[in-house]
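First up is the structure itself, then whatever we jot down about it.
Labels below follow one simple rule: chain letters A, B, ... track the order of the sequence lines, proteins then strands, and each chain is numbered from 1.
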2 protein chains.
Amino acid sequence: MSKIKRSSTNFSNKVALSDECPEAYASHIIGGQWTLVICSWLLNGKLRFGELKKKLPNITERMLTLQLRKLEKNKIVCRTVHAEVPPRVEYELTPIGLALRSVIKELEYWGDCHKQLMNE
Amino acid sequence: MSKIKRSSTNFSNKVALSDECPEAYASHIIGGQWTLVICSWLLNGKLRFGELKKKLPNITERMLTLQLRKLEKNKIVCRTVHAEVPPRVEYELTPIGLALRSVIKELEYWGDCHKQLMNE
DNA sequence: CTCATTACTTACATTTTGTATAGTACCTAT
DNA sequence: ATAGGTACTATACAAAATGTAAGTAATGAG
């Protein structure tokens, strides 16, 4: 996470790939360790920061923040701050975020099949 | 790539997540930078090492080797060595590898939508 | 005034992934 | 005998992702 150097070969390789392969592009966007899990919780409705934290065992606050920021930047979730004390911040999927449902469904199905295969 | 430490928190987080979330599991398996691109080329039929290399601009031989090894370990591709000189090695998707087609299709579709959205 | 609550920041360490560059073994054709 | 093609392997290093531990601001309750 954090930042990525726009000058590195690494970076330009990713850009080149993303340019011509929408699947590489997509996997780069939703490819973080926690991204999909966060989204799949949010598919059931909006959640607060603290609620998400409880749902995701072992995630640190830093990681959760970073992932949510990235998701927000990519317009996958939308963030609502309620001006209260203590603060209340809610996260909700945008339309394109909700559109991940079918991707996630396919991934889950494939993942289950694969896991079963590997256990033989 | 190379090896991953089985003692790191990082590692155990991944294991824990993979255990309960098939989508995290799947994204961990097919999540490398080149994995999906390789698979989507192989969806059209078997290819040799050198052919794959040509298809993937900028990939290094090391990376290609590592990714193919990982794919092989996960039973997504199968490797056939022809005992000739110069050597000829062919890579082909297994059934579970071919089953990635629908995952890739969904990802591509979503990726296209997302990219369009972000360009507005 | 002090404490608790919530949603973060910040600074830094570690782990994982990717790149660059140079080799190797094998046989075949020149 | 040497050069060339194929599919690698080795080593060193760079960059990115993830993790740990500690702090911050705001304010209402006691």
Using whole Å, report how far [atom1] of [X] lies from [atom2] of [N].
{"X": "B:Phe11", "N": "D:dT18", "atom1": "CZ", "atom2": "C1'", "value": "15 Å"}
{"X": "A:Met63", "N": "C:dA13", "atom1": "CE", "atom2": "C1'", "value": "13 Å"}
{"X": "A:Gln67", "N": "C:dA7", "atom1": "CD", "atom2": "P", "value": "18 Å"}
{"X": "B:Phe49", "N": "D:dG5", "atom1": "CZ", "atom2": "C1'", "value": "14 Å"}
{"X": "A:Leu66", "N": "D:dA17", "atom1": "CG", "atom2": "P", "value": "10 Å"}
{"X": "A:Ile59", "N": "C:dA7", "atom1": "CD1", "atom2": "P", "value": "14 Å"}

- Note on the structure: So, with a heavy-atom separation below 4.0 Å from DNA chain C, the residues of residues 12-41 of chain B are B:Gln33, B:Trp34
- Message: Taking the side chain as everything from C-beta on, heavy atoms only, tell me whether B:Leu52 gets closer than 4.5 Å to B:Leu68.
- Response: yes
- Task: Mind checking ring pair (Phe, Tyr, Trp, His ring centres under 6.0 Å) for B:His114 and listing every partner two or more places apart, or none if nothing turns up?
- Result: A:Tyr25, B:Trp110
- Taking the side chain from B:Ser18 and the backbone from B:Lys14, do they hold a donor-acceptor pair closer than 3.5 Å? yes
Could you check which of [options] has an atom nearest any side-chain atom of [X]?
{"X": "A:Thr9", "options": "D:dA16, C:dT16, C:dT19", "result": "C:dT19"}
{"X": "B:Arg48", "options": "D:dA16, D:dT6, C:dA7", "result": "D:dT6"}
{"X": "A:Pro87", "options": "C:dT16, C:dT6, D:dT6", "result": "C:dT6"}

Write down the protein N/O and nucleotide N/O pairs, taken from nucleotides 27-30 of chain C, whose separation is under 3.5 Å; answer none if there are no such pairs.
none

Mind checking what makes salt bridge (Lys or Arg N to Asp or Glu O under 4.0 Å) contact with [X], not counting sequence neighbours?
{"X": "A:Arg88", "result": "A:Glu84, A:Glu90"}
{"X": "A:Glu20", "result": "none"}
{"X": "A:Arg79", "result": "none"}
{"X": "A:Lys73", "result": "none"}

- Note on the structure: Sequence neighbours excluded, the answer for side-chain contact (heavy atoms from CB on, under 4.5 Å) partners of B:Ser102 is A:Glu106
- Task: Provide the full list of ring-ring contact (aromatic ring centres under 6.0 Å, His included) pairs with a residue in residues 35-89 of chain B, sequence neighbours left out, each pair given once.
- Result: none
- Item | Residue list, side-chain hydrogen bond (donor to acceptor under 3.5 Å, both in side chains) with B:Asn74, at least two apart or on another chain | none
- Query: Can you name the residues that form a side-chain hydrogen bond (donor to acceptor under 3.5 Å, both in side chains) with B:Ser40, not counting sequence neighbours?
  - Reply: A:Glu23
Contact list (N/O, under 3.5 angstrom) for nucleotides 9-11 of chain C vs protein:
unit_1 : atom_1 : unit_2  : atom_2 : d
C:dT9  : OP1    : A:Arg69 : NH2    : 3.1

